[in-house]
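Report on the structure given below.
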Amino acid sequence: MKTKRILSLLLLFVLVGLGVLITVRLLGGRPDAIKSRADRHYEAGEYDSALLEYRRLLSKEGHEAYAARRAGFIWLDRGAPLNALPFLADSLARAPDDVETKRRWAETLAGIGEFPRARAAALEVLDSDPTNGKALLVLANCSFGDEQTAEARERLARFDPSKDVFPLLADTILLGREGKPAEVEGVMKKAASLAPASVDVQLALASFHEIRREGDLALEALQRAADKAEGRSSAPLRYARALFATGKRDEARKRVEAILDRYPDYLPARWTLAELQANAGDPEAALESLDKVFRFSPASLEGRTLEARIHLSRNEPDKAVKAYEILRSAYPDSPRINLEMANYYIRSNQADSARILLEEAVKKTTPADRAHADAVLRLARLDLTQQEAPNASRRLETLLKEKIFRGLPKSLQDRAFHEDRPVIPGGSIVMLAHSHSGIKSPAPRRIPGINIEKADLSVVPDQGVGKTDPGNKVLSPE
């Protein structure tokens with residue numbers, strides 16, 4: 001009798017325990033509970049746990065857009081835009097009026113070089129929110145040629161520059177595109193006066209001083225930006241590259257490692273460390289660092305580009321091409337990959353393969369796109385080296401008529417102005433003179449302003465003064 005009573009009590013305890021567990025599981029599986037847990041992890045920076053919860057929330061009706069939005073933001077914070085894009089697209093498909101998500105969508109597209117799509121998205125944001133300064137900045141960055149620049153200028157006129165630095169920063173970009181560099185300094189001073197503590201302003205100041213070859217001032221601005229930056233930010237990484245360029249390699253590496261100690265999943269810090277390791281002469285360590293990037297983002301644009309360049313420096317062309325092909329598959333609409341691969345084929349004397357890639361880049365872009373001009377200039381160079389002078393003449397005359405040169409990126413402007421004398425459009429005229437003269441032998445190795453062998457083919461803005469460090473054997477062809 002006593003044994004039966006004990007067994008009954010044990011059974012009761014088991015049933016009660018099971019009931020409690022089932023209740024907890026049921027309540028914990030409710031959308032509100034999942035969202036609450038996910039948000040707590042997100043705010044605490046516990047991104048792995050947050051992603052698991054947001055993925056669970058994706059299956060709950062009425063919460064899909066929010067879950068996709070947050071998952072996309074996590075991958076953006078980690079520096080993995082290709083991972084973020086599907087989530088952002090899903091969120092916008094469900095909530096097309098979400099201005100914040102659409103703005104970040106535009107920024108992400110601009111970051112991977114898809115300027116037309118980024119520009120269209122930025123305009124949509126400004127249609128909904130005419131005073132969205134960050135969207136205006138995207139629009140300015142993605143506007144090339146007279147027509148697009150004029151449209152961006154019209155949007156800028158709707159802002160009050162005394163209340164927000166973003167219109168001022170956008171103005172500096174447009175002034176550069178309009179061929180008015182003398183006016184940029186005054187606008188930069190206004191921005192620095194309005195928001196001296198702004199990381200965006202300090203980074204813009206750094207770029208401004210880099211353009212003017214004021215290395216010390218650029219370094220000071222980068223240091224201020226790095227000191228003011230919070231969380232996962234590109235500012236400390238740009239400062240680390242600048243320190244590396246000035247010879248402070250140990251300090252640069254330690255700064256990047258300190259960021260990784262705090263944010264081990266921040267991919268830009270991972271590939272920046274790999275960049276420093278490669279440029280310090282340790283390609284094996286660099287490739288190991290890149291492997292950690294690829295575990296999170298197999299098609300990391302910066303990571304695979306760096307991997308390819310490392311393999312090229314080690315005379316491993318097959319591995320380099322494999323890295324480039326991964327990027328071509330992941331970014332089919334981005335001309336940057338075509339330009340990178342074409343650079344390799346040009347240097348390997350595989351002109352036909354380079355020509356195919358450059359023609360593809362031209363088709364992917366419009367005449368108002370800076371990558372378009374970059375591709376056409378390289379095609380003209382190939383024409384000259386292959387004794388096809390009339391084709392070179394035709395391409396360059398078209399570029400001159402399009403008046404696109406004011407919209408070229410900083411790196412291309414540098415190649416267009418050599419030894420303090422303008423060669424663009426003069427440089428194109430020099431090439432036109434060669435082509436019209438009917439040269440039969442290959443063109444000289446160095447054509448003023450269009451130095452293919454040493455050209456940096458990146459079509460994104462410079463990431464720091466470190467890219468011009470003569471010691472950077474892998475990243476900087478200079």
Side-chain angles (χ1 to χ4, degrees), residues 92 96-195 198 200-201 203-205 207-208 211 333 335 364-374 399-410 412-413 459-461:
L92 286 173
D97 296 329
D98 183 348
V99 171
E100 175 67 8
T101 300
K102 187 168 291 186
R103 177 186 64 77
R104 298 197 70 173
W105 166 263
E107 290 174 345
T108 305
L109 291 173
I112 63 174
E114 294 193 19
F115 300 115
R117 294 174 67 196
R119 190 174 187 279
L123 285 169
E124 289 181 12
V125 173
L126 290 168
D127 286 340
S128 300
D129 181 7
T131 59
N132 192 307
K134 292 184 178 181
L136 178 68
L137 198 58
V138 175
L139 178 63
N141 269 310
C142 298
S143 294
F144 306 99
D146 293 342
E147 183 177 343
Q148 291 186 357
T149 302
E151 184 178 16
R153 177 69 66 187
E154 188 275 328
R155 297 285 183 152
L156 172 61
R158 305 179 189 184
F159 285 76
D160 182 353
S162 66
K163 297 181 179 179
D164 189 356
V165 296
F166 290 109
L168 294 171
L169 298 180
D171 195 15
T172 63
I173 295 170
L174 296 177
L175 287 170
R177 304 277 162 84
E178 293 164 344
K180 302 175 182 177
E183 299 179 28
V184 173
E185 184 174 7
V187 179
M188 283 303 313
K189 287 181 178 179
K190 290 180 181 178
S193 175
L194 180 63
S198 167
D200 294 297
V201 169
L203 290 177
L205 275 172
S207 298
F208 172 71
I211 290 171
D333 297 324
K364 291 177 181 179
T365 56
T366 65
D369 193 324
R370 59 191 180 188
H372 176 91
D374 221 351
L399 272 187
L400 289 171
K401 290 177 182 177
E402 290 166 351
K403 300 179 181 179
I404 189 60
F405 297 105
R406 288 190 321 207
L408 295 179
K410 172 65 176 58
L412 193 55
Q413 288 178 18
V459 296
V460 296

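A search for salt bridge (charged side-chain N to carboxylate O under 4.0 Å, His left out) contacts involving K190 returns nothing, not counting sequence neighbours. Every residue two or more places apart in sequence or in another chain was checked for a salt bridge (charged side-chain N to carboxylate O under 4.0 Å, His left out) with E147, and none qualifies. Among residues two or more places apart in sequence or in another chain, the side-chain hydrogen bond (donor to acceptor under 3.5 Å, both in side chains) test is passed with D160 by S162. Take K134 and apply the side-chain hydrogen bond (donor to acceptor under 3.5 Å, both in side chains) test, not counting sequence neighbours, and it matches no residue. Residues passing the side-chain hydrogen bond (donor to acceptor under 3.5 Å, both in side chains) test with D98 are R69, T101, sequence neighbours excluded. Contacts of L156 classified as side chain to side chain contact (heavy atoms under 4.5 Å, CB included), with partners at least two apart in sequence or in another chain: L136, R153, P167, D171, L174. Annotation: salt bridge (charged side-chain N to carboxylate O under 4.0 Å, His left out) contacts of D164 (sequence neighbours excluded): none. For D127, the side-chain hydrogen bond (donor to acceptor under 3.5 Å, both in side chains) criterion is met by R155, not counting sequence neighbours. T131 pairs by the side chain to side chain contact (heavy atoms under 4.5 Å, CB included) definition with D129, F159, not counting sequence neighbours.
The OG atom of S198 sits 10.5 Å away from atom CG of L168, with the distance rounded to the nearest 0.5 Å. Summarising the geometry, atom OG belonging to S128 is positioned 11.0 Å from atom CG belonging to L123; distances are rounded to the nearest 0.5 Å.
Side-chain contact check for D200 versus F166: some heavy-atom pair is nearer than 4.5 Å. Put simply, the side chain of L92 reaches to within 4.5 Å of the side chain of W105, judged on heavy atoms.
The minimum heavy-atom distance between V125 and A135, with the atom names listed, is CG1-CB, 3.5 Å. Nearest approach of L137 to A170, heavy atoms of both residues: CD1-N, 3.6 Å. Summarising the geometry of A195 relative to V165, their closest heavy-atom pair is CB-CG1, 3.2 Å, with the distance given to 0.1 Å. Closest approach of L169 and A191 over heavy atoms only: CD2-CB, 4.3 Å.
Side-chain atoms of T149 never come within 3.5 Å of backbone atoms of D146 as a donor-acceptor pair (strictly under, hydrogens ignored).
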Distance-only donor-acceptor pairs under 3.5 Å for side chains of residues 107-122, two or more places apart:
| from | atom 1 | to | atom 2 | distance (Å) |
| --- | --- | --- | --- | --- |
| E107 | OE1 | R103 | NH1 | 3.1 |
| E107 | OE2 | R103 | NH1 | 2.4 |
| T108 | OG1 | R104 | O | 2.7 |
| E114 | OE1 | R117 | NH1 | 2.6 |
| R119 | NE | S143 | OG | 3.0 |
| R119 | NH1 | E151 | OE1 | 3.3 |
| R119 | NH2 | Q148 | O | 3.1 |
| R119 | NH2 | E151 | OE1 | 3.0 |

